[in-house]
**Q** 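This is the structure, below, for whatever I ask next.
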Amino acid sequence: MEKLTFERPVIQKINAGLPSKFGISSRMEPITDIEGIPVRRLIEEFGSPVFVFSEATIRKTYKEAWRAFSTRYPRVQFAWSYKTNYLNSICRVFHQEGSWAEVVSGFEYDKAITNGVPGEQIIFNGPDKSRDDLAKAIANGSLIHIDHFDELYEIIDLCGTSVKRPKVAIRVNMDTGIYPQWDRFGFNYENGEAWDALNRIMVSGKMDLLGLHAHIGTYMMQTGSYHIAADKLAALAVGLERKYNHVISYIDMGGGFASKNTLKGAYYPGSDTTPSFDDYAEAITSSLMKSEIKPENLPMLILENGRALIDDAGYLAGTVIANKRLADGRRATIIDAGVNLLFTSFWYEHDLRPAVNVSDQTEDTTIYGPLCMNIDVIRGSIQFPLLKKGDQYVIRRVGAYNNTQWLQFITLRPNVVMIDITGTPHIIRHGETLNTINDLESVPEHLESTDNGTTQRTK
Amino acid sequence: MNIRNNIAISESGFVFDPSTGDSFSLNPVGLEILLLIKQGNTSEQISDLITSRYQVEKSVFERYYFDFTSMLKQYHLLVDNE
Ligand SMILES: Cc1ncc(COP(=O)(O)O)c(C=O)c1O
């Protein structure tokens, strides 16, 4: 007699009158393939866990953002935020689409140069630019966004030795109605500091003041804040024209658009609440178009979005290591990717899915990473189907900040794969090996011998 | 080990505990096992019965079985009286 297919026994408590948190079914659609390639095959070929990027999604997302802005405003330029993901292949896709580079360190600057970005298309942000970095940026005609007065004076000083005139902008921080206000970067608008900086630049006569920059925060849900920020930068531009008859070339609104990930503690999923590119574009461009800037002087609008452009394109696929019950009866599932790889699990409720077709039964589950550390929690509580050891999972929307903030901690960092637009996977960063790590170390001579057992001590 | 005797079990896998007002749902295998426990079968008997009817290794089944009975205890549906 044919035996019946077995499904594991399950009992679930029914919470009458308490619909699931979002009032929607908690049935979880598996992600069985990425860009047409079965997850099982990706893991067989590239190991587990593995980061997987979809080139098609990057290009599609970029084009959507581009359309939202370029249909509303005559001159738009994106600059790819390197810190969000500076894997060269990812950067190059953005550069091919027309993005400049936005960098915040000498290291990122050099990466942009090796990715073939012309010096004039590199925006150099951040509080930490060494004298050498600044000299290089001036020589290459890059756009230096001044963060503080010490940097401004350093640049004035460098003007003495440089043949080229530095091309600069100032970063402005301001009250846009959000709390907490980001006031640690750039010069403050409300207390007049921004004007102090502009006056010094104009009076020095040694630099070309090309732009005004603000980056008001990250994962900003209120489009109104961008409207306020654009109003304030436009007011500075109008003031510069009145006072110095100086027309700036660009206004850079920074990044900060939310991705569709769900923030911890959010009541609704991010996919329902995140404003669209059109919403952000409308807030920003309507402010600039309404401002007193003369139409013939409308500056180029630069955007430095990171997470909103790359989160959706990145996946992390891996394997279940084990299941256990916690003391209170809750189920715990241990997966092979921890917070060392998925840094963003500290602030997102990541969208974790089975990679196999499983039954509709779900259970309140805590998802732990493999690290021997209490903080290694990928999801504190998720209605999750019953995956067994060896079953595979996929975490969606992990493209931003993980491949730059990941830690080599306890385990090695795995392969990163990009599936190109024809559906062919390529390794774009090789998994680390013991040698990757050991090659950076050196051992003093007196510790070289590894024959350090009992022989020495008993001598 | 047995099911507390005031627990109501419906044919469709619906379980009601009148002492707390809690209700539960079972999948078909869960219901089958709950009924086998209620009829007084031992763990070994249940394992034999299920593994002869379904495509599942004994060692695999037993893991799921203990996980399942620990949930029954968690929900106070099962009392130890063996
Ligand atoms: C100056 C600047 N621009 C752009 C970004 C990208 O931000 P996001 O990923 O929130 O779009 C950042 C990130 O912190 C930033 O500091």
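Letters go in sequence order (proteins before strands), and every chain restarts at 1.
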**Q** Report which part of B/Ser70 has an atom under 4.5 Å of a heavy atom belonging to chain A: side chain, backbone, both, or neither.
**A**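 The answer is the side chain of B/Ser70.
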**Q** Locate the shortest heavy-atom distance separating A/Lys3 from B/Ser52; write the atom from each residue and the value.
**A**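 Looks like CE-O, 3.5 Å.
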**Q** Near A/Glu44 CD, under 6.0 Å, is it more than 12 heavy atoms from other residues, nucleotides or ligands?
**A**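 Yes - once you tally the heavy atoms of other residues, nucleotides and ligands closer than 6.0 Å, there are more than 12.
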**Q** Most heavy-atom pairs under 4.5 angstrom with chain A, which of B/Tyr54, B/Phe14, B/Tyr65, B/Tyr64?
**A**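 Looking at each option in turn, the highest pair count goes to B/Tyr54.
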**Q** At a heavy-atom separation under 4.5 Å, does B/Leu26 approach chain A through its side chain, its backbone, both, or neither?
**A**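 Contact with chain A is through both the backbone and side chain of B/Leu26.
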**Q** Counting only heavy atoms closer than 4.5 Å, note whether B/Leu77 contacts chain A via side chain, backbone, both or neither.
**A**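 Side chain only.
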**Q** For chain A, find which of B/Ile50, B/Ile33, B/Asp22 contributes the most heavy-atom pairs closer than 4.5 angstrom.
**A**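 Of the options given, most contacts go to B/Asp22.
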**Q** By a 4.5 Å heavy-atom criterion (distance strictly below it), what part of B/Asn27 contacts chain A: side chain, backbone, both, or neither?
**A**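 Looking at B/Asn27, backbone and side chain both touch chain A.
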**Q** For A/Asp311 and A/Ala400, indicate whether the former's side chain and the latter's backbone hold a donor-acceptor pair under 3.5 Å.
**A**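 Such a contact is found between A/Asp311 side chain and A/Ala400 backbone.
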**Q** Given that the side chain runs from C-beta out, which part of A/Arg8 has a heavy atom under 4.5 Å from chain B: side chain, backbone, both or neither?
**A**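 Looking at A/Arg8, backbone and side chain both touch chain B.
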**Q** Can you say whether A/Asn323 sits under 4.5 Å from chain B via the side chain, the backbone, both, or neither, judging by heavy atoms?
**A**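 Neither part, no heavy atoms under 4.5 Å.
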**Q** Which heavy atom of A/Leu371 sits nearest a heavy atom of A/Val339, and at what distance?
**A**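 Nearest heavy atoms, A/Leu371 then A/Val339: CD1-CG2, 4.2 Å.
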**Q** Which atoms of B/Gln55 are under 4.5 Å from chain A, going by heavy atoms: the side chain, the backbone, both sets, or neither?
**A**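 When you check distances to chain A, atoms from both the backbone and side chain of B/Gln55 fall under 4.5 Å.
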**Q** Classify the angle between the aromatic ring planes of A/His350 and A/Tyr348 as parallel (below 30°), tilted (30 to 60°) or perpendicular (above 60°).
**A**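 Taking A/Tyr348 first and then A/His350, their aromatic rings stand perpendicular (interplane angle over 60°).
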**Q** Using the six-membered ring wherever Trp is involved, compare the ring planes of B/Phe24 and B/Tyr75 and label them parallel, tilted or perpendicular (cut-offs 30° and 60°).
**A**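 Ring orientation, 0 to 90° scale: tilted.
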**Q** Output the option from B/Gly13, B/Ser25, B/Gly21, B/Gly30 having the highest count of non-hydrogen pairs under 4.5 Å with chain A.
**A**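 Heavy-atom pair counts peak at B/Ser25.
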**Q** Does atom CG of B/Asn6 have more than 12 heavy-atom neighbours from other groups under 6.0 Å away?
**A**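 More than 12 within 6.0 Å, yes.
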**Q** State which residue, out of A/Asp351, A/Asp312, A/Asp272, fulfils the salt bridge (Lys or Arg N to Asp or Glu O under 4.0 Å) condition with A/Lys260.
**A**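 Going through A/Asp351, A/Asp312, A/Asp272 one by one, the salt bridge (Lys or Arg N to Asp or Glu O under 4.0 Å) with A/Lys260 is satisfied by A/Asp312 alone.
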**Q** For B/Leu31, is it the side chain, the backbone, both, or neither that has a heavy atom closer than 4.5 Å to a heavy atom of chain A?
**A**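 It is neither, since no heavy atom gets under 4.5 Å.
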